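Single-structure report; data block below.
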Amino acid sequence: MSVTVRVPAKVNVQLAVGAARPDGFHDLANVFLAVGLYDEVTATPSPGGPRVTCSGPDADQVPLDRTNLAARAAEALAARYGRTPDVHLHIAKDIPVAGGMAGGSADGAAALLACDALWQTGASRPELLEICAELGSDVPFSMVGGAALGTGRGEMLTELEVGGTFHWVFALADGGLSTPAVFREFDRLTEGTDVPEPVASPELLTALAKGDAHALAATLVNDLQPAALSLRPSLADTLAAGTAAGALAALVSGSGPTTAFLCESAAAAEKVAETLSASGTCRSVRVTAGPVPGATVL
Ligand code: C5P
């Protein structure tokens, strides 16, 4: 018997970052949108686990040891219910690795839900979300999906209404960027300045609620973008190529290096993707849309 869970990637349509806290984390106003790029995690009973395997084009970049959030999710759930994490977790990976799209967090949420179904722990939704928050700042959103405002370090979620579908092109870059390194660069770039408290933009929340792509395009903002561009200056060329190709707006996804392009329609997204693909400024492109549901047992 095995259980497979499908889990989406995310893009941050607003990522407002405050000053570093004493614990090293940053308070955020983080507006997440789940988009239709998916990993699938299959949990199968296996003695001596958790054992992690991974398939997909970038599988060789995924750690298979206990640092993998899928393995840590299985261990955390097993510890809470006093059992051994005897499970094999196979990750079929399509979300860019270390790309700023919460791929590792997605696998953590998916593994948690898969093990929960496999072991029939009877854990409540709030309990699962509590374990998610212990695993990482973005893991609760991977579980919930849709659209949500994350505050605190991003783990305290308020679900948001979205009045339509938004069409996106994502440009994948060669190699990943380390999230802690991007936050450290943010700290370096803002040193000696007065970093304001992060607050969600009312205009952006209204644009989401209305499903208005033009209004959303005018309000997209990522405070980590200067840091990601500082560490990876070539991303500026990708952003410029997507804007020139007709995207309504372009931004770095989360801590990068994936870049995100909001488009007027599915047809417009296909055109932007074609031009971006030919521009030579990225490794590959993906066309998708959101919001989509969070982690789901198949
Ligand atoms: O929570 P998570 O383990 O995904 O965070 C990875 C790293 O990103 C943290 O160790 C920290 O360096 C940085 N981070 C942060 N502030 C946040 C979220 C993450 O500084 N709100």
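Ligands are counted one by one from 1 in listed order, and the atoms in each one are counted from 1 as well. Keep in mind that the numbers below use all heavy atoms, side chains included, and drop hydrogens, waters and symmetry copies. Computed from a predicted model, the values in this text were never measured in an experiment.
Taking every non-hydrogen atom of G136 and a distance limit under 4.0 Å, the qualifying atoms of ligand 1 come out as 1 (O). Taking every heavy atom of G24 and a limit of under 4.0 angstrom, the matching atoms of ligand 1 come to 20 (O). In the vicinity of P180, heavy-atom distances shorter than 4.0 Å reach the ligand 1 atoms 7 (C), 12 (O). Against a heavy-atom cut-off of under 4.0 Å, R153 is close to the following atoms of ligand 1: 1 (O), 17 (C), 18 (C), 21 (N).
Relative to the six-membered ring of F170, R286 misses at least one condition, a distance below 6.0 Å or an angle of at most 45° to the axis.
Nearest protein heavy-atom contact of atom 13 (C) of ligand 1 is F183 CD1, 3.3 Å. What sits closest to atom 6 (C) of ligand 1 on the protein, heavy atoms only, is T179 CG2, 4.4 Å. Of all protein heavy atoms, the one lying nearest to atom 9 (C) of ligand 1 is F25 CE2, 3.7 Å. Remark: minimum distance from atom 18 (C) of ligand 1 to any protein heavy atom is reached at S137 OG, 3.5 Å. H26 O, 2.8 Å is the protein heavy atom nearest to atom 21 (N) of ligand 1.
A donor-acceptor pair under 3.5 Å is absent between the side-chain atoms of D212 and the main chain of A207, judged by distance alone. Between the K210 side chain and the L205 main chain, no donor and acceptor come within less than 3.5 Å of each other. Under the 3.5 Å distance criterion, the side-chain polar atoms of T165 are left unmatched by any main-chain donor or acceptor of G290. Judged by distance alone, with hydrogens and angles left aside, the side-chain atoms of R153 form a donor-acceptor pair with the main-chain N or O of A133 at under 3.5 Å. Side-chain atoms of D138 never come within 3.5 Å of backbone atoms of S105 as a donor-acceptor pair (strictly under, hydrogens ignored).
The shortest separation from a heavy atom of D138 to ligand 1 is not under 4.0 Å, leaving the residue out of contact.
The side chain to side chain contact (heavy atoms under 4.5 Å, CB included) with T259 is formed by just one residue from the set L172, T238, V169; it is T238.
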